[in-house]
Undergrad: 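Dropping a structure here in structure tokens format, bear with me for questions.
As the structure is a computational prediction, the values presented were derived from the model and not from experiment.
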Amino acid sequence: MPNDPLNQLPQKGPYHIRGGDLYIQVEQFLFRVHSYFFLRESNFWRNELDGPVTANNHRDDAPLKIGNNAATRYILKDVKAADFTKLLGVFYNRNYGDFSKAKGGDWIAILRLAGKWDFHEIKELAVEHLKKHTMELSHRVRLYEENQVDGKHLFPLYVQLSSREEVFGLEEARVLGIETFVLVQQARERLRGQASPSDPMQNPLPPGIQRPDIRSIVAATFNIPLPE
């Protein structure tokens, strides 16, 4: 990422922390944070920031390749300052694990940045909090898929989509995307056979089918290991 060619420094961002060793510019704001969190959590950031290890320094003491002062700040051009601030709020939570003030939209923004940079633990945290917020099932599936959420969270959603009675509308199909929509439809066909002629908008499961059977059929259709 090239340095900002302008000499004028941006204004301080919401997180401009004394003792921070990493300077990042997002939009018109300059953030000063601790590289420790970025290097610990993300291969993307390790590749971007880790300097060379020599005989005179250990990996933990290696200088940053970029962003170690305001003049060489790392510039993020495809991220909103408001969303970046929400992500940093996970690292610098003053309430020690209490995220009760964070809204569903906040966790969506956090999940997207965590997915972009592969912050695995933050993705897990975001998903756990998003479970507490209402969201259309198709939108939740699309969000999780786009951000490479662990399959253990996606699989129950695939089961829900495949086993519900209501047939899909056009908008739901668009949200899911062609690949997921086709796989869900295949799972539904394997579970049910043809739709009920008496009510084309309903497609109930046949009597007697058990949940283990549903899970096995869905896992086989999506070609994923059956989660425990």
Side-chain angles (χ1 to χ4, degrees), residues 1-4 9-17 19-51 64-68 70 72-154 157 175-177 180:
M1 185 72 66
N3 293 344
D4 189 346
L9 293 178
Q11 59 182 300
K12 292 182 179 179
Y15 287 93
H16 194 278
I17 300 172
D21 63 325
L22 174 60
Y23 293 76
I24 299 177
Q25 179 179 342
V26 188
E27 296 180 321
Q28 72 273 29
F29 297 102
L30 180 65
F31 294 81
R32 182 183 178 186
V33 294
H34 296 88
S35 64
Y36 166 78
F37 297 112
F38 294 81
L39 297 173
R40 181 189 67 182
E41 300 285 344
S42 168
N43 283 329
F44 170 87
W45 283 104
R46 281 193 289 272
N47 292 332
E48 292 293 297
L49 299 177
D50 255 346
L64 300 178
K65 288 190 295 187
I66 187 173
N68 54 13
T72 64
R73 59 195 178 276
Y74 190 103
I75 301 173
L76 290 171
K77 294 184 178 180
D78 57 349
V79 174
K80 294 181 179 179
D83 292 342
F84 191 61
T85 299
K86 292 168 185 174
L87 176 70
L88 293 177
V90 176
F91 295 140
Y92 297 108
N93 181 11
R94 295 182 178 180
N95 296 321
Y96 302 103
D98 179 7
F99 295 102
S100 57
K101 293 182 179 180
K103 301 178 180 179
D106 299 330
W107 288 112
I108 291 174
I110 291 168
L111 176 60
R112 285 178 172 153
L113 288 185
K116 178 182 180 69
W117 297 323
D118 195 24
F119 286 110
H120 177 73
E121 296 301 326
I122 296 180
K123 283 199 290 187
E124 289 290 306
L125 179 68
V127 168
E128 288 304 315
H129 282 276
L130 281 170
K131 289 178 180 178
K132 306 172 187 176
H133 296 274
T134 302
M135 186 184 305
E136 291 289 340
L137 183 55
S138 56
H139 286 273
R140 190 182 295 273
V141 169
R142 181 67 176 268
L143 176 68
Y144 287 6
E145 287 181 339
E146 287 180 337
N147 294 286
Q148 297 84 49
V149 166
D150 193 291
K152 67 184 179 183
H153 301 297
L154 271 165
L157 305 183
V175 170
L176 288 172
T180 299

Undergrad: Which residues pass the ring-ring contact (aromatic ring centres under 6.0 Å, His included) test with Y36, not counting sequence neighbours?
TA: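 Counting only residues at least two positions away or on another chain, Y36 forms no ring-ring contact (aromatic ring centres under 6.0 Å, His included).
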Undergrad: Does the side chain of F119 reach to within under 4.5 Å of the side chain of F38, using non-hydrogen atoms?
TA: yes
Undergrad: Please report the closest heavy-atom contact between P10 and R73, naming both atoms and the distance.
TA: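 What the structure gives for the nearest pair is CD-NE, 3.6 Å.
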Undergrad: Within the structure provided, determine whether L143 and M135 are in side-chain contact (heavy-atom separation under 4.5 Å).
TA: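 Yes - at least one pair of side-chain heavy atoms lies under 4.5 Å apart.
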Undergrad: Roughly how far, to the nearest 0.5 Å, is the CZ atom of F31 from the CG atom of L87?
TA: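 Taking CG in L87 and CZ in F31, the distance rounds to 10.0 Å.
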Undergrad: At their closest point, which heavy atom of I66 faces which heavy atom of L49, and how far apart are they?
TA: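 It is O-CD2, 3.7 Å.
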Undergrad: At what distance, to the nearest 0.5 angstrom, does CG of L154 lie from CZ of R140?
TA: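 Here the interatomic distance stands at 11.0 Å.
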Undergrad: Any side-chain heavy atom of N68 sitting closer than 4.5 Å to one from L22?
TA: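 The answer is no, as the side chains (C-beta and beyond) never meet within the 4.5 Å cut-off.
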Undergrad: Between F84 and E27, is a side chain to side chain contact (heavy atoms under 4.5 Å, CB included) present by the stated rule, with each step listed?
TA: CA-CA 10 Å; F84 191 61; E27 296 180 321; over 6 Å; no
Undergrad: Could I get the full list of salt bridge (Lys or Arg N to Asp or Glu O under 4.0 Å) partners for E145, not counting sequence neighbours?
TA: none
Undergrad: At their closest point, which heavy atom of W107 faces which heavy atom of A102, and how far apart are they?
TA: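 Heavy atoms only, the tightest pair is NE1-CB, 3.4 Å.
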Undergrad: Tell me, please, which residues at least two apart from Y23 pass ring-ring contact (aromatic ring centres under 6.0 Å, His included).
TA: none
Undergrad: Extract all donor-acceptor atom pairs below 3.5 Å that involve side chains of residues 122-130 and protein atoms in other chains or at least two apart in sequence.
TA:
from	atom 1	to	atom 2	distance (Å)
K123	NZ	N147	O	3.3
K123	NZ	Q148	O	2.9
E124	OE1	K152	NZ	3.4
E124	OE1	H153	NE2	3.1
E124	OE2	H153	NE2	3.3
E128	OE2	K131	NZ	3.1

Undergrad: With sequence neighbours left out, write down each residue that passes side-chain hydrogen bond (donor to acceptor under 3.5 Å, both in side chains) with Y15, or none if nothing qualifies.
TA: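 Per chain and number, Y15 pairs via side-chain hydrogen bond (donor to acceptor under 3.5 Å, both in side chains) with no residue.
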Undergrad: Name all residues meeting the side-chain hydrogen bond (donor to acceptor under 3.5 Å, both in side chains) criterion together with S42; count only those two or more places apart in sequence or in a different chain, and write none if there are none.
TA: none
Undergrad: Go through the structure and list residues passing salt bridge (Lys or Arg N to Asp or Glu O under 4.0 Å) with R32, not counting sequence neighbours.
TA: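 Here no residue qualifies.
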Undergrad: State, yes or no, whether a side-chain contact exists between Q25 and L76 at a heavy-atom distance under 4.5 Å.
TA: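 Q25 does not reach L76 side chain to side chain.
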Undergrad: Find out whether H16 and L30 are in side-chain contact, i.e. whether some heavy atom of one side chain is under 4.5 Å from a heavy atom of the other.
TA: yes
Undergrad: Not counting sequence neighbours, list each pair that qualifies as a side chain to side chain donor-acceptor pair (under 3.5 Å) and has a residue in residues 108-119.
TA: D78-K116
Undergrad: List the residues meeting side-chain hydrogen bond (donor to acceptor under 3.5 Å, both in side chains) with D98, not counting sequence neighbours, and say none if there are none.
TA: S100
Undergrad: Between CG of L111 and CG of D106, what distance do you get to the nearest 0.5 Å?
TA: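 Rounded to the nearest 0.5 Å, the CG-CG separation comes out at 12.5 Å.
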Undergrad: To the nearest 0.5 Å, what is the distance between CD on E41 and NE2 on H120?
TA: 9.5 Å
Undergrad: Quick one: list whatever passes side-chain contact (heavy atoms from CB on, under 4.5 Å) with Q28, sequence neighbours left out.
TA: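 For Q28, the residues satisfying side-chain contact (heavy atoms from CB on, under 4.5 Å) (neighbours in sequence not counted) are Q11.
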Undergrad: List for me each residue that meets side-chain contact (heavy atoms from CB on, under 4.5 Å) alongside D83, sequence neighbours excluded, and say none if there are none.
TA: K80, K86, A109, L113
Undergrad: Under the side-chain hydrogen bond (donor to acceptor under 3.5 Å, both in side chains) test, which residues partner N93, sequence neighbours left out?
TA: none
Undergrad: Test your reading of the model: is there a side-chain donor-acceptor pair from R142 to the backbone of H139, 3.5 Å cut-off?
TA: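 A pair under 3.5 Å: no.
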Undergrad: Anything under 30° is parallel, anything over 60° is perpendicular, the rest tilted; go ahead and classify F37 against F91.
TA: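 Because their plane-to-plane angle is under 30°, the rings of F37 and F91 count as parallel.
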